[in-house]
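Below you'll find the structure, written out as structure tokens, and then a few comments.
Proteins get letters first, then strands, A, B, ... in listed order; numbering begins at 1 in each.
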2 protein chains.
Amino acid sequence: MAKDPTTPAPVTSADVARLAGVSRATVSFVLNGTQTHRVSDTTRARVLDAARQLGYVPHAAARSLRAGRSNLVLMPASVSAVGRLVSNWVDDLHSELDRHGYIAVLHAGRFPDAVTAARAWAELRPAAVLAMDGDRFTPQAADLLRRAGVQALLAFAAEPVKGAHTVAFDHRRIGAAAAEHLIARGRRGIGVVMPQERGLDAFARLRLAGVESVVARHMATVTPVDLAYARQSVTDLAKRWPSLGLDAVFAYNDEYAALLMGALQDEGISVPDDVAVVGADDLVPSALLNPPLSTVRLDLPSPAEVADTLHQLIERGSAPVLHGMSPVLVHRGSS
Amino acid sequence: MAKDPTTPAPVTSADVARLAGVSRATVSFVLNGTQTHRVSDTTRARVLDAARQLGYVPHAAARSLRAGRSNLVLMPASVSAVGRLVSNWVDDLHSELDRHGYIAVLHAGRFPDAVTAARAWAELRPAAVLAMDGDRFTPQAADLLRRAGVQALLAFAAEPVKGAHTVAFDHRRIGAAAAEHLIARGRRGIGVVMPQERGLDAFARLRLAGVESVVARHMATVTPVDLAYARQSVTDLAKRWPSLGLDAVFAYNDEYAALLMGALQDEGISVPDDVAVVGADDLVPSALLNPPLSTVRLDLPSPAEVADTLHQLIERGSAPVLHGMSPVLVHRGSS
DNA sequence: CTCCTCAGGTTACACGCGTTAACCAGCATC
DNA sequence: GATGCTGGTTAACGCGTGTAACCTGAGGAG
């Protein structure tokens, strides 16, 4: 009946049962190692053999449908918004969650608003949703997810997020750390790079706010400058840089900082003499730039801790609060 | 009965039916806009209203269980192995697949071998699996996935992969392009950076092979040099660089190239006088380094094309072959 | 009045799995 | 010989959906 010869009927546990000459239940007992019912060694062997022979793999969806809970952990985040720093962290987190028996998955969909996003995530009925971008959980979005049976919502954010477990992580303190350093170094005209890439705007606004909160206490000015991560955009910015009258810039993160520093130098603008540059994330290549890049190092809570928290949140419904460490400025040649 | 007050019973279509005072089937007809069965405007309105009021979201797993096919597209790849170049591409691909009604998802699990990996992917019963790393599809792995009902296997690889649709993408040609350039520039002792990061080894070996195939036709030597993306590793390498006797290096990609170039310069080694450096991917900051980085630009097939191909593969079981364009060397100051 | 049509709606089943009550054979105990 | 127990197996149900098949009542044609 199959129209497509390349796609034979998928193998189910019933097929295994048939081949082994037992009932489907017995197959389930063997494959899941159920202790409450004992199975003779010979039939166990027959079942295992049949499963291997057919290449049987259980159907995760059917299983969680029956069990009433899934082992999926969803991380909404565009891949490019995940910087180098965080990408290793994310990989490690995936491994940790694996060890706990969860399947971590990253989804990069772009949605018009928080509720449609939440609806899309809810369709997958994950056990947990982990958002690095805390404000994706509006109250309605959180409510929607809860009603869809999502056990745990974990948000990285400065302020506690209603209806979600929050990991304290304040982007404003990053901007503040950079601003304090620049002011201490005698700079007064501080530019702040606002990246135009998708998914970064929320973070950028918070980091800018951090700079502003510090500058407000001193005789200094803040100038946001838009910058897209593209050659054209950065050379344009470098050309009109002298007209901005700035002697310092906090560049959002090390990647933007490296980009901007290169373009400024190509225009004959000296770093740090004409302008001090500070990045964030303390990426590996930053110390090797010329001049070495000053940066704000941030410490995320360890992947193991986060995985544990997520696990407890799913099982018990609550978990102790997690903190990242305070951002620390690493002073190098660029400032 | 619910022990956890924060987790009310998940909303199902039955709840919607109850509230609207109709049968579950009617709910399904309304929510899916089924044309074959008509339903009066008043009841339609009642159903939609009830659904909104309860915040109902369909259960994707149950739906695909019933339908016999899922709309999940799985991309196995560690986040950190996805370079900057590819990360934008991946994001765009996700958006394209969204437009086709698929849910694209990235999984960063690390597995001991291809078959266990395939088993883990198969549990999710995706409609398609897209591997940038072609050799993840061993014949047995491909067979396993097919038997689990995965409709489409798409692999980026140089040679056609058995049991999978292949997008021609030959990492060796990247290495070859770099080597040809370096040799044309008169270099004879060519180092090749082998990154130690997870998920990159397969690509690295192919790029190395590409270099070797070119060098074999000339009076030149190839020296693979291991390099982890870490400060310690790169400074160590830079210190012992003079002892290697190389006058050129192909650095796997622009990120490793930037890292290595910085470390070499810190050791007083001049680029390009003492050593020519070539990267790959033509990332945005590369042209702004000092000196500007020579690189191999690669053109991936457009995300839209790949999404179309995937769609046809799932629907029809076959699709026209896709080609990326040939890699092109961009000559700048570092070589 | 009877028969048919047709819009509007419902019932029942299947998808693949885990679980639980029930059944059965054999063997020891009273 | 009836009763209980133990190891081994099975039929049956439910998870949330989509849909084929069936039902009902009203209106029109004969």
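Of the inter-residue distances, the one linking A:Tyr102 atom OH with A:Leu72 atom CG reads 11.5 Å to the nearest 0.5 angstrom.
In this model, a donor atom of one side chain and an acceptor atom of the other lie less than 3.5 Å apart for B:Asp308 and B:His100. For the residue pair B:Asp98 and B:Ser95, no side-chain donor N or O sits within less than 3.5 Å of a side-chain acceptor on the partner. In the model, B:Thr34 has no side-chain atom that pairs as donor or acceptor with a side-chain atom of B:Thr36 under 3.5 Å.
Between the CZ atom of A:Phe29 and the C1' atom of C:dA22 there is a distance of 12 Å, rounded to whole Å. Remark: P of C:dG16 and CZ of A:Arg18 are 11 Å apart, rounded to the nearest angstrom. Atoms CZ (A:Arg46) and P (D:dT9) sit 8 Å apart, rounded to a whole Å. Look at CG on A:Asp15: it is 13 Å from C1' on C:dC15, rounded to the nearest Å. Across the protein-nucleic acid pair, B:His59 atom NE2 and D:dG18 atom C1' stand 15 Å apart, rounded to whole Å. Going from atom CZ of B:Arg147 over to atom P of C:dG16 covers 16 Å, rounded to whole Å. We find that CD of A:Glu123 is positioned 13 Å from C1' of D:dG16, with the value rounded to whole Å. Across the protein-nucleic acid pair, B:Leu124 atom CG and C:dG16 atom C1' stand 15 Å apart, rounded to whole Å.
The side chain of B:Arg38 contributes no N or O atom lying less than 4.0 Å from OP1 or OP2 of C:dA7. Within the 4.0 Å cut-off from OP1 or OP2 of D:dG7, not a single side-chain nitrogen or oxygen of A:Ser40 is found.
Across all strands shown, A:Arg66 has heavy atoms under 4.0 Å from base atoms, whether or not it also approaches the sugar-phosphate. Within 4.0 Å of B:Ser23, counting heavy atoms only, lies at least one base atom of the nucleic acid. As judged by a 4.0 angstrom heavy-atom cut-off over every strand, A:Thr26 is placed among the base-contacting residues. When heavy atoms are screened at a 4.0 angstrom cut-off, A:Ser13 is found touching the sugar-phosphate backbone but no base atom.
Each of C:dG16, D:dT17, D:dT9 was ranked by its minimum atom distance to the side chain of A:Thr43; first place goes to D:dT9. Closest approach to the B:Ala25 side chain among D:dT10, C:dC17, C:dT11 is made by C:dT11 (side chain taken as heavy atoms from C-beta onward). Relative to the side chain of B:Ser28, the nucleotides D:dT9, D:dG18, C:dG18 differ in distance, and D:dG18 lies closest. Of all nucleotides listed (D:dT17, D:dT10, C:dG18), C:dG18 comes nearest to the side chain of A:Asn32.
The nearest heavy atom of DNA chain C to A:Arg24 and to A:His37 marks one nucleotide each, and the one closer to the 5' end goes with A:Arg24. The nearest heavy atom of DNA chain C to B:Asp41 and to B:Leu65 marks one nucleotide each, and the one closer to the 5' end goes with B:Asp41.
Between A:Leu130 and A:Val306, the shortest heavy-atom distance links the atoms CD1-CG1, 4.0 Å.
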